[in-house]
Structures are given as C-alpha cells and as structure tokens.
Amino acid sequence: MGGPRGAGWVAAGLLLGAGACYCIYRLTRGRRRGDRELGIRSSKSAEDLTDGSYDDVLNAEQLQKLLYLLESTEDPVIIERALITLGNNAAFSVNQAIIRELGGIPIVANKINHSNQSTKEKALNALNNLSVNVENQIKIKIYISQVCEDVFSGPLNSAVQLAGLRLLTNMTVTNDHQHMLHSYITDLFQVLLTGNGNTKVDSSFLSLYDSHVAKEILLRVLTLFQNINNCLKIEGHLAVQPTFTEGSLFFLLHGEECAQKIRALVDHHDAEVKEKVVTIIPKI
C-alpha cells in the first residue's frame, strides 16, 4: 500500500494499539457514570457550575452559560474549571450533540493554543470526549495537525502528550481521518518505542484477543492486526525485514502467542468476529 491513506493505516494501527487499554477504561467508566441518576438543578451562574460542588449533568442553557464564560474570561483558573466541567458533561452523548449545536467545539479547541500546559491538557481531554460523536469529528478534524504538533514536539510522557494521543485514537477509529496522520508516522514510532509505561504496550495487551472480550473491542484489535499486517506486506511479501524491539506493539503482534490467540477465535460465537478471523488467518 502507498500514499497518504496507506500510511494512515499504519498511524491508525499505532494509535489503536496505544489506546486500546484506555478504550476499555472509557467503556467501563462510561457504564458506571451512565447508571447514575441524571438530575438537573435550578439555574446557577456560570462560575457556580465550575466550583466542583455541582456534579449533575448540565442542560442546554447551563452549557451555553459555561461556553460563554470559557470564551470571555482570561482567568486561567476559571478556564481550567470550565474545561473540566465541559469535558465531564461531554461524556454523555446528548451533551456531545448540544455542545456542537451551541458552537462549543471551536471555543474548546481554541484553548489548545493556551500557553499553560495544564489548560492545554484540559482542552484536549474535553475534545477527546466530544470526539466520540461522529458528527463532532467533522468539526474536530481541522485541529488534528495542531494536536499532532503538540503531541510530538512536547515533552515525552507529558500529560499533554497522553491527552493528545487519546484524542487521536478516537479520531482514527474509523477510516475517515487516518490519512491526516501520514506525515507523523515516524513520530508515532518514536513515542511508542521510547515512552514510559503510559505510552508503551506491554504483554497484557494480548489479553484483548481473548474470546471473552467484548465483541466491539475484539473487532478493533483484530482490525489493528490486519491493518498493520497489510501495511508491512506488498503483494503478500514483507516489504521490509524489520527488527521489532521486544515489548513493542509490533513485537507482540508478530509473535506466536498472538497468532495462537487469533487462531482460537475461529470458533468464536459471534459471526462477525469469526468472519474477521477467517480473513486474517491465511496471512499469519
């Protein structure tokens, strides 16, 4: 495969590998939060909504107040509190749409330009939650290049780098925006190979290929394997003879343990998982 879109597959594979464990955390956390009673209190001032004592889900009017506050204030403390509150509320699908309709995505994204690294991190976290919504991704994609620059030019293993990687993971789950990362492949390799435990992949990653794992996660990690395998091969032959660093994502995916786990999934009860495995096995 060649060209920007082919290279984008590699970038997507890298990001999905780095973010797979985080995806499980998000799914689990989302269920716990979704079980909470979604109460809405009487109207409060915008600053009151950010003081940490207000933990109910905000309605459209309150979100509008919060966005106006975020856009109008220059107080770094209030900006961070507003971003945290918006990010928490963006974890709920109804608010992901409301914030977009209120014109909130550019307001939040503007804060990734902030000179304060903590503020930048909070803005990336809020965008990460908003990016779960596919329609929101259309608006967020214009910031991908800037996010990549911040992620790969900043300190290794920093909070901003990790927040940016989480956002890029969500943005590349589908094929729509993967090609936008083709020029950052070298940087992605560098982060995954030299980062600490937060950005590297350990052997526990292979547990995602176990048969009891949720279908949606199994399909993602199987697609990850398929995409990387396709990119490393041209017309069925290895395009290069890479030496994979032990503990790296590629080392794990091209090891015998991973191959055995994938072969075992041919007997999976879900037809979609089984179909995906059948297409992969001849390439192992």
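With rounding to the nearest 0.5 angstrom, the NZ atom of K120 is 12.5 Å from the NZ atom of K122. For the atom pair D270 CG and K276 NZ, the distance stands at 12.0 Å (nearest 0.5 Å). Taking CG from L130 and CG from N136, the interatomic distance works out to 5.5 Å, rounded to the nearest 0.5 Å. Within the model, atoms CG of L58 and CG of N89 stand 3.5 Å from one another, a figure rounded to the nearest 0.5 Å. Separation of atoms CD1 (I99) and CD1 (I105) is listed at 8.0 Å; rounding is to 0.5 Å. Considering CD1 of I280 and CD1 of I262, their distance stands at 5.5 Å, rounded to 0.5 Å.
Y68 is not connected to L102 by any chain of hydrophobic side-chain contacts under 4.5 Å among Ile, Leu, Val, Met, Phe, Trp and Tyr, and they are in different clusters. One hydrophobic cluster, built from ILVMFWY side chains closer than 4.5 Å, cannot hold both I140 and I138; they sit in different ones. I112 and I84 end up in different hydrophobic clusters when Ile, Leu, Val, Met, Phe, Trp and Tyr side chains are linked at under 4.5 Å.
Ionic pairing of E256 and R263 is present here: one or more N-O contacts between side-chain nitrogen and carboxylate oxygen are shorter than 4.0 angstrom.
In this structure, the side chain of N95 does not engage the main chain of I98 through any donor-acceptor pair within 3.5 Å. D210 places no side-chain N or O within donor-acceptor distance of the main-chain N or O of H212, the cut-off being under 3.5 Å. Side chain of Q260 to backbone of E257: no donor-acceptor contact under 3.5 angstrom is found. For E121 (side chain) and V160 (main-chain N/O), no donor-acceptor pair under 3.5 Å exists by modelled atom type.
In terms of heavy-atom proximity, N133 sits nearest to A97 at ND2-N, 4.4 Å. Closest approach of L206 to C258, counting heavy atoms only: CD2-CB, 3.8 Å. Nearest heavy-atom pair across L168 and C148 is CD1-SG, 3.9 Å. The two residues V151 and Q161 make their nearest non-hydrogen contact at O-NE2, 3.0 Å. The two residues A126 and L83 come nearest to each other via the heavy atoms CB-O, 4.0 Å. Here the closest heavy-atom approach between residue H114 and residue I79 is recorded as NE2-CD1, 4.2 Å.
Within the 4.5 Å cutoff, the side chain of N129 has no heavy atoms near those of the F92 side chain. Counting heavy atoms from C-beta outward, L222 and Q226 have side chains that stay 4.5 Å or more apart.
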For Q117 and S158: C-alpha separation, side-chain torsions, deciding distance, then whether side-chain hydrogen bond (donor to acceptor under 3.5 Å, both in side chains) applies. CA-CA 9 Å; Q117 294 298 295; S158 67; 5.8 Å; no
side-chain contact (heavy atoms from CB on, under 4.5 Å) evaluation trace for N116 with E80: CA-CA 10 Å; N116 183 284; E80 282 201 34; 3.5 Å; yes
Using side-chain contact (heavy atoms from CB on, under 4.5 Å), reason through V273 and L219 one step at a time and then give a plain yes or no. CA-CA 6 Å; V273 171; L219 289 174; 4.0 Å; yes
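The 12-atom threshold is not exceeded at NZ of K139, counting heavy atoms of other residues, nucleotides or ligands nearer than 6.0 Å. Environment of CD in E275: sparse, with no more than 12 heavy atoms of neighbouring residues, nucleotides or ligands closer than 6.0 Å.
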